[in-house]
Amino acid sequence: MHEQPIIHVGGLNLDLSAIFMLLVSMIVVFVFVRLCVRNLSVENPSKLQNFMEWVVEFVQGLIGSAMDLKKGKPYISLGLTLILFIFVSNLLGLPFSIITEAHGPQEIFGHVIEATKNLGNGEHAEILWWKSPTADINITAGLAIVIFILMNYLGLKLNRKHYLRHYIEPFPIFLPLNIIENLSKPVALAIRLFANIFAGEVLITVILKLSFIGIPFLAVWQGFSIFIGALQAFIFTILSMVYIAQTTIHEDH
């Protein structure tokens with residue numbers, strides 16, 4: 001079992017691998033988008049520009065399936081950011097991982113890595129530095145909490161009367177159930193994304209232990225994992241848009 005490079009700073013436990021991989025994901029997405037929008041042309045668009053236009057149209061269609069696109073236009077940037085960031089994050093752990101071996105207490109930035117603090121003679125710890133960020137429940141929970149706060153804030157701001165009323169519909173006795181339903185949304189978002197990506201990386205580790213016999217299985221599974229990464233990015237994004245539509249838009253019947 002690999003250990004996380006956690007250091008204790010100011011009463012907080014910081015997972016350096018999670019922070020590092022989040023930065024990598026942000027940089028990859030930023031550089032990719034900048035390359036796509038470089039030298040924009042109407043008459044002679046590049047392949048990257050065509051691809052980005054397809055992604056934008058895909059996200060527009062995704063939002064249009066959750067709400068009226070006229071009301072959903074403000075969320076196109078959010079949807080585009082979510083689907084690109086999660087997709088890249090899902091794939092980062094597929095090609096390789098970086099693991100270091102510690103045989104005694106190791107310091108970084110002046111703080112001892114918790115997993116190495118109590119190592120004695122002959123003991124060692126394997127520290128995992130490179131992984132898919134979305135294989136960490138703390139990352140997926142953070143993303144889900146952002147969506148949860150955003151959808152409730154927008155509901156109170158744009159649709160306050162009906163947003164508050166839906167908690168006591170169809171009858172006031174349903175208030176506890178409606179509150180539980182609301183709280184379950186970020187939990188489902190976080191666990192679904194984490195479980196799918198984490199399980200995929202665990203299976204890759206198991207296949208690698210098969211040595212050369214596992215090479216064909218590894219190729220097949222990594223190809224399938226790309227599909228799973230894209231599917232999970234799609235599911236997280238469309239559910240986020242559905243939740244925002246449910247809280248912000250009231251349809252008269």
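Residues take their numbers from the sequence shown, with the count starting at 1.
With a 4.5 Å cut-off on side-chain heavy atoms, Asp15 and Asp136 count as touching. Looking at heavy atoms from C-beta onward, Arg34 lies in side-chain contact with Phe30 at the 4.5 angstrom threshold. Taking 4.5 Å as the limit, some side-chain heavy atom of Leu22 sits within range of a side-chain heavy atom of Phe85. The shortest distance between side-chain heavy atoms of Ile147 and Leu82 falls below 4.5 Å. Phe32 has its side chain within reach of Met52: a pair of non-hydrogen atoms, C-beta onward, lies under 4.5 Å apart. Counting heavy atoms from C-beta outward, Leu78 and Leu150 have side chains that approach closer than 4.5 Å. Using a 4.5 Å cut-off on side-chain heavy atoms (C-beta onward), Thr140 and Phe236 make no contact.
When all heavy atoms of Ile127 and Gln4 are compared, the closest pair comes out as CG2-C, 4.4 Å. Taking all atoms of both residues into account, the shortest heavy-atom contact from Pro45 to Val42 is CD-O, 3.8 Å. Of all non-hydrogen atoms in Ser225 and Leu91, the two that sit nearest each other are O-CD2, 4.3 Å. Between His166 and Asn178, the closest heavy-atom pair is O-ND2, 3.2 Å. Residues Pro5 and Ile113 approach most closely at CA-CG2, 3.9 Å, considering heavy atoms. The minimum heavy-atom distance between Ala233 and Asn90, with the atom names listed, is N-ND2, 4.0 Å.
Tyr153 and Ile145 sit in two unconnected hydrophobic clusters of ILVMFWY residues. Membership requires side-chain heavy atoms under 4.5 Å apart, directly or through other members. Cluster membership check: Phe58 shares its hydrophobic cluster with Ile226, using side-chain heavy-atom separations under 4.5 Å among Ile, Leu, Val, Met, Phe, Trp and Tyr.
Side chain of Asn196 to backbone of Arg192: a donor-acceptor contact under 3.5 angstrom is found. Using a distance-only test at 3.5 Å, with no hydrogens or angles considered, a donor-acceptor pair links the side chain of Trp130 to the main chain of Leu92. Listed for the Thr116 side chain is a donor-acceptor partner under 3.5 Å among the backbone atoms of Gln106. Of the possible polar contacts, one joining the Trp221 side chain to the Gly200 backbone as a donor-acceptor pair under 3.5 Å is found. Checking side-chain atoms of Thr247 against main-chain N and O of Met151 turns up a donor-acceptor pair under 3.5 Å.
The line from OG of Ser17 to CG of Leu128 is 6.0 Å long, rounded to the nearest 0.5 Å. A distance of 9.5 Å separates CG in Asn182 from CD in Gln246, rounded to the nearest 0.5 Å. In this structure, CD1 on Ile235 lies 11.0 Å from CD1 on Ile86, to the nearest 0.5 angstrom. One finds the OG1 atom of Thr205 at 7.5 Å from the CD1 atom of Ile99 (value rounded to the nearest 0.5 Å). Separation of atoms CG (Asn138) and CG (Leu143) is listed at 11.5 Å; rounding is to 0.5 Å. Distance CZ/Phe217 to CG/Leu203: 11.0 Å, rounded to 0.5 Å.
A salt bridge does not link Lys73 to Asp68: none of the charged side-chain nitrogens sits closer than 4.0 Å to a carboxylate oxygen.
Under the 3.5 Å distance criterion, with hydrogens and angles disregarded, a donor-acceptor pair is assigned to the side chains of Ser25 and Ser89. Checking Glu201 against Ser132 by side-chain atom types alone, a donor-acceptor pair falls below 3.5 Å.
Taking the six-membered ring where tryptophan is involved, the planes of His124 and His103 are tilted, since the angle between them lies from 30° to 60°.
By the neighbour-count criterion of 12 heavy atoms within 6.0 Å, atom CD1 of Ile173 is sparsely surrounded, having that number or fewer from other residues, nucleotides or ligands.
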